[in-house]
Amino acid sequence: MNFSKARRPVKRIYSATINSLHGLVYGFRTEAALREEILVLAAAIPIALVIAANLAWYVAMIGALLVVLAVEFLNTAIEKLADHVTPEQHIDIGRIKDFGSAAVFCGLCLSGLIWLAALAVRCGLF
């Protein structure tokens with residue numbers, strides 16, 4: 001067995017993890033929306049422990065916020081790429097950026113619905 005080939009997946013996973021951490025740090029340092037959503041996630045982790053009626057609700061609540069964060073990162077990537085491709089104002093680029101913003105909005109609505117439902121369950125409304 002060739003051990004160098006066996007180590008490649010581990011090296012690939014390690015490299016992907018390092019790249020992801022760099023993206024998280026860079027996003028936090030440079031993008032206000034990402035910074036705000038990361039801080040909301042950090043605050044939500046303990047708050048959700050109080051609100052969630054059980055583990056499934058907790059996972060749904062935190063998972064929804066992670067989805068919002070992921071969509072925000074993708075939106076930021078699209079905007080940065082669009083600005084790099086053409087720094088001038090272009091109607092189609094503007095629409096593409098609006099699509100990304102709409103995706104973030106949908107994620108925020110989903111997250112809000114999940115958190116409101118969890119709160120309603122905790123308060124005995126459902």
Side-chain angles (χ1 to χ4, degrees):
M1 180 174 169
N2 187 345
F3 287 106
S4 65
K5 285 186 179 181
R7 289 186 213 164
R8 287 183 187 161
V10 173
K11 184 177 180 183
R12 196 170 34 248
I13 292 169
Y14 175 78
S15 295
T17 301
I18 295 301
N19 291 337
S20 297
L21 292 174
H22 285 159
L24 285 168
V25 170
Y26 183 73
F28 185 84
R29 287 183 181 167
T30 62
E31 299 298 320
L34 290 170
R35 191 167 36 255
E36 291 164 4
E37 288 167 6
I38 290 169
L39 292 174
V40 165
L41 176 63
I45 289 171
I47 293 169
L49 285 170
V50 175
I51 295 172
N54 56 39
L55 180 61
W57 276 108
Y58 183 79
V59 169
M61 294 165 73
I62 299 305
L65 293 176
L66 287 170
V67 167
V68 170
L69 188 59
V71 173
E72 186 67 60
F73 268 106
L74 291 172
N75 182 47
T76 300
I78 290 167
E79 288 186 0
K80 295 287 187 188
L81 181 61
D83 290 343
H84 178 75
V85 169
T86 177
E88 303 97 38
Q89 293 289 330
H90 191 281
I91 193 161
D92 289 334
I93 296 291
R95 286 184 183 136
I96 290 166
K97 289 181 174 185
D98 290 345
F99 294 153
S101 180
V104 173
F105 178 75
C106 290
L108 288 168
C109 288
L110 171 66
S111 186
L113 285 172
I114 290 171
W115 277 73
L116 285 173
L119 192 57
V121 168
R122 172 53 80 191
C123 293
L125 300 174
F126 290 109

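On a predicted model such as this, the values are computed, not experimentally measured, just so you know.
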Residue list, side chain to side chain donor-acceptor pair (under 3.5 Å) with Arg95, at least two apart or on another chain: Asp92
Summary of side-chain hydrogen bond (donor to acceptor under 3.5 Å, both in side chains) pairs that have at least one residue in residues 23-44, sequence neighbours excluded: Glu31-Lys80
Hydrophobic cluster (4.5 angstrom, side-chain heavy atoms) - remaining members for Leu55: Val59
side-chain contact (heavy atoms from CB on, under 4.5 Å) assessment of Val121 paired with Ile51: CA-CA 9 Å; Val121 168; Ile51 295 172; over 6 Å; no
Results of side chain to side chain donor-acceptor pair (under 3.5 Å) for Ser15 - residues two or more places apart only: none
Same apolar cluster (I L V M F W Y, side chains within < 4.5 Å links), Leu66/Leu21: yes
Rounded distance [0.5 Å steps], CG in Leu69 versus CG in Leu74: 10.0 Å
From Leu49, Ile114, Ile45, residue fulfilling side-chain contact (heavy atoms from CB on, under 4.5 Å) relative to Met61: Ile114
Qualifying side-chain hydrogen bond (donor to acceptor under 3.5 Å, both in side chains) pairs, either residue in residues 96-119, two or more places apart: Asp83-Lys97
Hydrophobic cluster membership, Val40 vs Trp57, 4.5 Å side-chain cutoff: no
Ile91, CD1: over 12 other non-hydrogen atoms inside 6.0 angstrom: no
Nearest-0.5 Å distance that lies between atom CG in Leu34 and atom CG in Leu39: 11.0 Å
Nonpolar side-chain network containing Leu81, other nodes, edges under 4.5 Å: Val85
